[in-house]
Amino acid sequence: QVQLVESGGGSVQAGGSLRLSCAASGRTTTTGYYMGWFRQAPGKEREGVATIYSNNLNTRYAASVKGRFTISQDNAKNTLYLQMDSLKPEDTATYYCAARSSWLGSNPPILPQSYPYWGQGTQVTVSS
């Protein structure tokens, strides 16, 4: 069983920055896994924000965050990060960390349904 715990959410003004962390434990480490950040705003479907494949560090970003958000991982700490800069009010959502172990190719998938393991989420609120 995989456990994922997010932290680092909060409230920030537009243009500000936050860094989210996701600590992985249980039968997994971040090595050999696809991992990603997803978000869900009220009344909207969950969407992929950024994903990474630990074996080759290939990444994939949603168009709406490309150039503003950076996904990274620290295998020694079994931790996934999301650095969010130049935040906008439309980035307001609950952010979730997710993981997948089974092979899906060299590029990490960004569709939420590709990931079986999920954290509980952390709230990010960006005010204008």
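Note that the OG atom of S86 and the CZ atom of F69 stand 9.0 Å from one another [nearest 0.5 Å]. Between the CD atom of Q120 and the CD atom of E6 there is a distance of 4.5 Å, given to the nearest 0.5 Å. Separating the OG1 atom in T51 from the CE atom in M35 is a distance of 11.5 Å, to the nearest 0.5 Å. Note that OG of S64 is 7.0 Å distant from CG of D91, once rounded to the nearest 0.5 Å. To the nearest 0.5 Å, the span separating OH on Y117 from CG on L4 amounts to 9.5 Å. To the nearest 0.5 Å, atoms CD1 (I52) and CG (N107) are separated by 11.5 Å.
For Y115 and F38, the ring centers sit closer than 6.0 Å to each other.
In the displayed structure, E45 atom CD is contacted under 6.0 Å by at most 12 heavy atoms of other residues, nucleotides or ligands.
Hydrophobic clustering (side-chain heavy atoms under 4.5 Å, transitive across Ile, Leu, Val, Met, Phe, Trp, Tyr) groups V65 together with L57.
A pairwise comparison of heavy atoms in Q40 and K44 identifies NE2-O, 3.1 Å as the closest pair. Between P109 and R60, the shortest heavy-atom distance links the atoms CA-NH1, 4.2 Å. Between A99 and Y33, the shortest heavy-atom distance links the atoms CB-CD2, 4.3 Å. Of all heavy-atom pairs between Y61 and I71, the closest is OH-N, 2.9 Å. Here the shortest heavy-atom pairing between R46 and Y96 reads NH2-CZ, 3.5 Å. Residues Y34 and P108 share a closest heavy-atom pair of CD2-CA, 3.7 Å.
Remark: the R39 side chain and the Y95 side chain contain an N/O donor-acceptor pair separated by less than 3.5 Å.
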For a quick test of your reading: what N or O donor-acceptor pairs under 3.5 Å do the side chains of residues 10-21 make, sequence neighbours left out?
unit_1, atom_1, unit_2, atom_2, d
S17, OG, D85, OD1, 2.7

Item to check | Derivation of the side chain to side chain contact (heavy atoms under 4.5 Å, CB included) call for C97 and W118 | outcome: CA-CA 6 Å; C97 172; W118 291 85; over 6 Å; no
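Checked by atom type and distance alone, the side chain of T92 pairs as donor or acceptor with a backbone atom of V126 at under 3.5 Å. Not one N or O on the side chain of N58 forms a donor-acceptor pair closer than 3.5 Å with the backbone of Y53.
In this structure, the side chains of P116 and R100 come closer than 4.5 Å at one or more pairs of heavy atoms.
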